Amino acid sequence: MTVLEKQEELDKLRRKIAACQRCSLHKTRTHTVPGEGSPDASVMFIGEAPGRNEDLQGKPFVGRAGSVFDKLLQSIALTREDIFLCNILKCRPPNNRNPLPAEIQACVGSLDIQIKTVNPQVIGTLGNFATTYIFDKFKIPFTKISAVKGIVQDVETPFGPKKIIPLYHPAVATYNPGKMNELLNDFQVIKTLLN
Ligand code: URA
């Protein structure tokens with residue numbers, strides 16, 4: 001696919017997400033948060049779900065976890081324009097509760113299209129929900145995030161080989177500052193994958 005074709009596919013998906021009523025989260029959302037970034041990115045990051053700020057602005061990671069994420073990106077000399085950033089859920093769960101299995105099931109068709117379209121070499125999963133979904137999708141056994149984070153998994157997909165790097169969710173550094181160093185170290189692994 002050319003970059004223009006990728007952009008068109010993502011725009012079409014964005015319009016579909018904006019009109020989506022596949023689960024009850026459409027009743028409480030302000031905006032959908034489809035995700036954004038380079039349609040041709042080498043690295044895709046997948047978070048959990050929009051929070052309050054993301055719901056208000058329609059953009060991923062614009063609150064406190066977003067500031068942490070920006071620092072992590074900066075530490076490996078990447079900008080948001082270099083990457084593609086999205087979430088498992090495209091709508092905010094009320095009061096930031098965990099995504100429900102039925103909501104994930106209703107929503108991940110969009111993420112699957114994003115992965116296939118952008119076709120990144122590297123997928124960084126941010127936190128438990130994204131890691132669980134991606135490990136399951138690519139048939140990698142999952143134990144717990146603290147056991148697998150920072151360890152690259154090579155997978156073959158119908159659209160080429162990919163490297164999966166599970167990571168802590170950046171929000172952990174907002175309530176446990178000690179985790180920031182672990183996140184910074186694990187982000188360095190991404191840098192080595194891109195060099
Ligand atoms: N947390 C997430 O997982 N995603 C966002 O977009 C914001 C916070």
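Keep in mind it's a predicted model, so treat the numbers as computed, not measured. Counting starts at 1 for both ligands and their atoms, following the listed order.
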| query | Can you tell me the protein heavy atom closest to atom 5 (C) of ligand 1 and the distance? | reply | Ala49 O, 3.4 Å
| query | What are the atoms of ligand 1, with element, lying closer than 4.0 Å to any heavy atom of His169? | reply | 1 (N), 2 (C), 3 (O)
| Atom indices of ligand 1, in the order listed, that fall short of 4.0 Å to a heavy atom of Pro60 | 6 (O)
| request: Report, in ascending order of atom number, the atoms of ligand 1 lying under 4.0 Å from any heavy atom of Glu48. | output: 2 (C), 3 (O)
| message | With heavy-atom distances below 4.0 Å as the criterion, list the atoms of ligand 1 near Gly47. | response | 3 (O)
| note | For atom 4 (N) of ligand 1, the closest protein heavy atom turns out to be Asn87 OD1, 2.8 Å
| Any chance the rings of His169 and Phe69 have centres within less than 6.0 Å? | no
| query | Heavy atom under 4.0 Å from ligand 1: found in Glu54's side chain, backbone, both, or neither? | reply | side chain
| query | Judged by atom type as modelled, is there a donor-acceptor pair below 3.5 Å linking the side chain of Glu54 to the main-chain atoms of Gly63? | reply | yes
| query | Strictly under 4.0 Å, does any heavy atom of Lys59 approach an atom of ligand 1? | reply | no
| Should Val33 and Met44 be counted in the same cluster of Ile, Leu, Val, Met, Phe, Trp and Tyr side chains packed under 4.5 Å apart? | no
| said: Under a 4.0 Å threshold between the charged nitrogen and the carboxylate oxygen, would Asp70 count as salt-bridged to Arg80? | reply: yes
| Polar side chain donor-acceptor pair, Thr79 to Asp82, under 3.5 angstrom | yes
| Heteroatom distance test (Phe61, ligand 1): nitrogen or oxygen, under 3.5 angstrom | yes
| query | Is the centre of the Phe45 ring less than 6.0 Å from the centre of the Phe187 ring? | reply | yes
| message | Among Thr117, Asn119, Asp40, exactly one meets side chain to side chain donor-acceptor pair (under 3.5 Å) together with Lys6. Which residue is that? | response | Asp40
